[in-house]
Every structure is written in C-alpha cells, then in structure tokens.
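Just follow the structure's listing: the first ligand is 1, and inside any ligand the first atom is 1.
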Amino acid sequence: MAARLASRARTAHVTRPYIPNPRATSFSWNSRKQKDIQHRPAHAAPGSPFLSGPSRLYGSSVSGSSGTSQEHVATSQEKLCETLPLSDAQKRTIYALSTPPGKAGVAVIRISGPDALEVWRRIVQTYRSGKGKARESVPEPWKMHRCRIVHPLSGDILDDGLAVFFKGPRSFTTEDVLELHVHSGRAVVSSVLNAIACLPFCRPAEPGEFTRRAFEGGRLDLTQVEGLRDLIDAETEVQRKLALRNAEGTTRARLEQLRTEIIQCMALVEALIDFGEGEDIEEGVYEQARERVERLRDTIAHHLADKRKGEIMRSGIRLAIFGPPNAGKSSLLNFLAQREAAIVTPVPGTTRDILELSLDIGGLPVIVADTAGLRKTDDVVESIGVERARKFVDSSDVALCVLPAPDVLDHSSEHGWELRIPPSVAPLVKDDTLILLNKIDLLHRGSRPPFPIQIARRNVWQASLSTRDGTQDFMTGFAQVLQQRYQLLADDAPRTEDPLITHARHRVHLSNALEHLQEFLDTSPDDVVLAAEELRYAANAIGKISGLVHVEDVLDAIFRDFCIGK
Ligand SMILES: Nc1nc2c(ncn2[C@@H]2O[C@H](COP(=O)(O)OP(=O)(O)OP(=O)(O)O)[C@@H](O)[C@H]2O)c(=O)[nH]1
Ligand SMILES: [K+]
Ligand SMILES: [Mg+2]
C-alpha cells in the first residue's frame, strides 16, 4: 500500500509535458539591457525612455546634427512614449534585417512582438486602388500590400516596397509579425531600421531570437530549430534533405512516438502498482510492458548503431588520401578540387601538413584531406607530417590509398595480378580502404592490367592523373561507393531506416534513454515502483532531445549559433 501511495505521488508529474508559454518565460535579458545602455543613440538623454531603446547597430540617429532638429526629435519621442507604455524587455517587439546586408533586389526586415501592428501603423502607408496613399489601421493579414515606408517622426518617405502582416499565432514566431520587403541597398535598409529604432517599444533582435520565440511559442521543437539552422548552413543536396527532415518535424514525430510508447508502458506499470494484478487489471500486464520495452530498447539500440551516418552527413565525410611519397596524392586532391590547391613537385616528401578541402562529391559533403607520403625519414619536419598522416587516416571515415602503379603492380601466371604495397603503408590498408593505382601512363600498354581489376577481392581503380586516363571511371565508381556506404535519404519520402540521430546531443540523450530502459528490464518485478521510475527517466531523456524537458544552457548554446534576423 505504501508503494502504491508513493507511486501516486510520483505519477502527478509523469505525463505532463513542459508547455512553453511565450508570455511567462524567465529568460534573462540582463546582458541585452546592458548593451542597450551602451549603445543608446547620441540623442537619447540619460533618463529618457531610450535608455533601454534602440541600438546603434545600424548607424546613428535619424536626427540631424543641428541642435534644433535634435530637440524636435527628442520631444516627439517623448510623446510617442507617453502614448505607449513600454512592454517589459522580454516580450518587447524585436526587429532585424533577415536577409544578408548588401546590394540586391529585395531586403526583408522582420518585426515580431506585441507591437508589430503598431509599427505598421507608424511607418507603413498602403496604396488604395486609385485613391493614393492611406494609412490602414488593421491591415488584412497574410496578404502582401504595396506600400510606402515612412519615417514615424518626420513623415519622410524612405522607400516604396511591400508589407505583410502575420497575425499571431499564425506566424513564424507565433507572435504578431510584420515583414517589410524593401530595396536592398545600404542606405535604404539603414534608414528603415533607424526609423523602427525610433519607436521606443522596439529593440534589435538577438541572434536566433525569432527562432527562439518560435520555440517558446511551441511552434518548433529543438530538433526543428536545429534543422532550420542546418538548412541555412547546408551546402550539399544530402545536407539539405537531412536538415529539411528535422525542420519539417519528421524527427520530432519519430521521437514523440518513442516517448509516447515509453509513457504507455509506464502507464501499464503504474496501473499495476495502483490496482494490483487480478483485481481490475488483467493477468500478464507486466509481461506485456516488458515485451514492449524490449522492442523499444532494440529500436533505440538500432538507431545508436548507425555508424554516426546522420552526424557524418551533417558535418561531412572525412576522407583521407594517403600513400607512399610521390604517388600523386596531392595531384589527386587538385584533380578533385579542380584547382591547384596543393603543391605538386617531383620531390618526394613535398606535402608535410594535412591539407583539408570541403567538396561536394555526387551530392555528398566530403572533407578531403591530402597527407604526407608515408616513409621512414630522418627529416624532423617530415616525420611529424608522417605521424600526423597516420593518425588522420586512422580517424577518417573513408581512407583512399594512392599507389604508383609501376612500383606496386606484379603479375604472374600463377597468382595473376598482385599488389606489392610498401611496408610503410601496408598497416594502414584495411578491408574497406579504397585503392587508386596512379601513373598508369608509365606502364607499357602490354603490362597494363585489364580495366577494371579486382585484387584480393577488392575493386582497384587505375588512372593517370597526368593524362586523365581512367579518371572518369574512378570518379563514377568512387561516388558510387560513397553513396552505397552512406546511402541515406535516397527517396524523398522518409524511411524507417533513415538516421534518427543528426547531432551528438541526440546521441547522448538516446543513450541515456537506452540505459534506463535496460535498467527497467533488469529490475525485479518485485521492485515495480523502482522499475516505473526507470521508464520515467527514459521518457524524460527523449523529451530532452525535443526540448519538452529543457535546460537553459542547452537552449542558449543552440540559439547562439544562429545569425541575427533568424
Ligand atoms: N607520369 C605521371 N606523373 C604523375 C602522375 N600523377 C602525378 N605525377 C607526378 O608525380 C609527382 C608527384 O606528384 P604529387 O602529387 O606531388 O605526389 P604526392 O603523392 O603528393 O607526393 P608527396 O607529397 O611528396 O608525398 C609530380 O611530379 C607529378 O606531376 C601521373 O599520373 N603520371
Ligand atoms: K611530391
Ligand atoms: Mg603531396
């Protein structure tokens, strides 16, 4: 009975997820306020409402330098402040340029918060058909309006553009959002930003703050936030697809399904604690829960044994080019990069340091590294390079060994084609190491092996990086191998075998969940209260990936990497 009570007390907080409330968060904006004070415009007198007002990020004040216009602006600003009480810092309306600065057709300035509509009223003048300009107090939401942007104090026309109002919660941040599409020129953008800065209820956005508000508003979970950030950073097709999966919420749904199943198992066990088998509960409930937990454990273990595919795709496949000196490793790097990135000379031992380049090979992100030729050497500098090369090959995702064909190929009627790999290189050649025989132009026609050849049940490519003979076949085959090894997101529709883990953070929490599920299975059914606790921990661990259970510093770390305006 005591166990039953204890369990009841705990169930109170079992299944209630954290529901973020944008109006009731406790983020500290202290550092922000500090910055605001330092950056207040020159015209803001101490004690004026501008103390926590606009930043000078985008140029100085709108007022001229003469004393009179400065006074004029100050009094008008005070009037503005009288009419509108300052909202407290955290729910203040934020604004930022959301497109990259510089000359372009269009720049988008985003404004989000409780006073977004007020910003519209102050600076947007729409055109009504045939009747000239008019200020619209409540614009039709989610519709583009042709408009003029005017200065809220002087009434000066700043630009002719488009404005759209998103009524919260149907907006990116879930707050009221105003987007201004203006001409992207330095002067236009800074004049509009300065005009918004004049409104005391607005302040410049922090990096990632729009996205953070979307998270706080419950529009996005953390995997979607990470997906958005990765989408912005994506450079290859696979990275884009992977990021989109996260941003669209596919990962969120898959995790939610796992968490829900754990919670369902917990409910079964809790019911058992509360009512006991035999009364209202059918026989075998505990067994049923155990079987489901076993399946969940296997599913999670399967995801964890993904050879880090998702993380590798996100950060790039680390490819090490290695081999003996003068094999043509640097020539290969230059060929892949299509430029003279590395020094190539006939002197063995030319490359000393590791030279890395990020390339797109068949849509996959690959970080290709050229390394020092492996040999015994008395040269201090070269021997450091050789040591680095060895370590790099060991830690790489894919290793490609380049060998000079004339020095390593052997043929006999008894054994067929064989490779004599130099002893300095051989220990690094593993079963999955790829091999390119270079310099086939130096072989007599008659002593060339047939294309393609298999040596020791391994595909070996042959090419000449000088004459480009065989390079096409090598590139096609090489891209195919990479695609096979990292085959993922081949179809547009999500598949169950697609990697679930794309960030190290996910792996940590999933491993924790796995441990707790195993603990549950290892706990004796007599300790059913303890066992239920393990399921709760497991559910919480998965909740941490989505941010349903979140920790402030994790959030800070995730949003910090965003740019301003996102
Ligand atoms: N004939 C011929 N020469 C080549 C070929 N590929 C590269 N070379 C030459 O071989 C020499 C060495 O090439 P590198 O690319 O510097 O070789 P490496 O493996 O980077 O050499 P280290 O950095 O010294 O280890 C250069 O003179 C190249 O021009 C080829 O396919 N055929
Ligand atoms: K060389
Ligand atoms: Mg080299």
May I ask you to list the atoms of ligand 1 that are less than 4.0 angstrom from any heavy atom of [X]?
{"X": "Ser466", "value": "1 (N), 2 (C), 3 (N), 4 (C), 5 (C), 6 (N), 30 (C), 31 (O), 32 (N)"}
{"X": "Pro348", "value": "24 (O)"}
{"X": "Leu442", "value": "1 (N)"}
{"X": "Gly373", "value": "25 (O)"}

Which residue and heavy atom of the protein sit nearest [atom], plus the separation:
{"atom": "atom 25 (O) of ligand 1", "answer": "Lys329 NZ, 2.8 Å"}
{"atom": "atom 29 (O) of ligand 1", "answer": "Val344 CG1, 3.8 Å"}
{"atom": "atom 31 (O) of ligand 1", "answer": "Leu465 N, 2.9 Å"}
{"atom": "atom 8 (N) of ligand 1", "answer": "Lys439 CE, 3.8 Å"}
{"atom": "atom 6 (N) of ligand 1", "answer": "Asn438 ND2, 3.1 Å"}
{"atom": "atom 7 (C) of ligand 1", "answer": "Ser331 OG, 3.4 Å"}

Would you check the N or O atoms of Gly349, main chain and side chain alike, for any that come under 3.5 Å of an N or O of ligand 1? yes
Just checking, Arg110 and Phe210: is the charged tip under 6.0 Å from the six-membered ring centre and within 45° of the axis? yes
Axial cation check for Phe520 ring with Arg297, 6.0 Å and 45° limits: no
Can you tell me if, anywhere in Thr351, an N/O/S atom lies at a distance from the Mg ion (ligand 3) that is smaller than 2.8 Å? yes
So, 2.8 Å as the limit: is an N/O/S atom of Thr350 located closer than that to the Mg ion (ligand 3)? no
Under a 4.0 Å heavy-atom limit, does Thr345 contact ligand 1 with its side chain, its backbone, both, or neither? backbone
Side chain or backbone of Asp441 under 4.0 Å from ligand 1, or both, or neither, by non-hydrogen atoms? side chain
Please determine, by modelled atom types, if [X] and [Y] share a side-chain donor-acceptor pair under 3.5 angstrom.
{"X": "Glu311", "Y": "His506", "answer": "no"}
{"X": "Thr236", "Y": "Asp360", "answer": "no"}
{"X": "Thr502", "Y": "Asn246", "answer": "yes"}
{"X": "Thr173", "Y": "Ser112", "answer": "yes"}

Please state which option from Thr351, Leu355, Asn326 has its nearest heavy atom closest to atom 12 (C) of ligand 1. Asn326
From Ser330, Pro324, Gly328 - option closest to atom 20 (O) of ligand 1 by heavy atom: Ser330
Step by step, would you call Ser464 with Asp441 a side chain to side chain donor-acceptor pair (under 3.5 Å)? CA-CA 6 Å; Ser464 162; Asp441 56 298; 2.9 Å; yes
Non-hydrogen atoms of Val347 versus ligand 1: any pair closer than 4.0 Å? yes
Could you grab the distance from atom CD of Glu248 to atom OG1 of Thr223, nearest 0.5 Å is fine? 11.5 Å
Nearest 0.5 Å please: distance from the CD1 atom of Ile542 over to the NE2 atom of His509. 11.0 Å
Begin from the C-alpha positions of Arg505 and Glu226 and carry the test salt bridge (charged side-chain N to carboxylate O under 4.0 Å, His left out) through to its verdict. CA-CA 11 Å; Arg505 194 180 70 79; Glu226 286 165 329; 2.7 Å; yes
Can you give me the OG1-the K ion (ligand 2)-OD1 angle for Thr350 and Asn326, to 10°? 130°
Only to 10 degrees, please: what angle do the O atom of Thr345 and the O atom of Val347 make about the K ion (ligand 2)? 90°
Give a yes or no answer on whether the side chain of Arg352 reaches the backbone of Ala372 with a donor-acceptor pair at less than 3.5 Å. no
Between the main-chain N or O of Pro348 and the side-chain N or O of Arg375, is there a donor-acceptor pair closer than 3.5 Å? yes
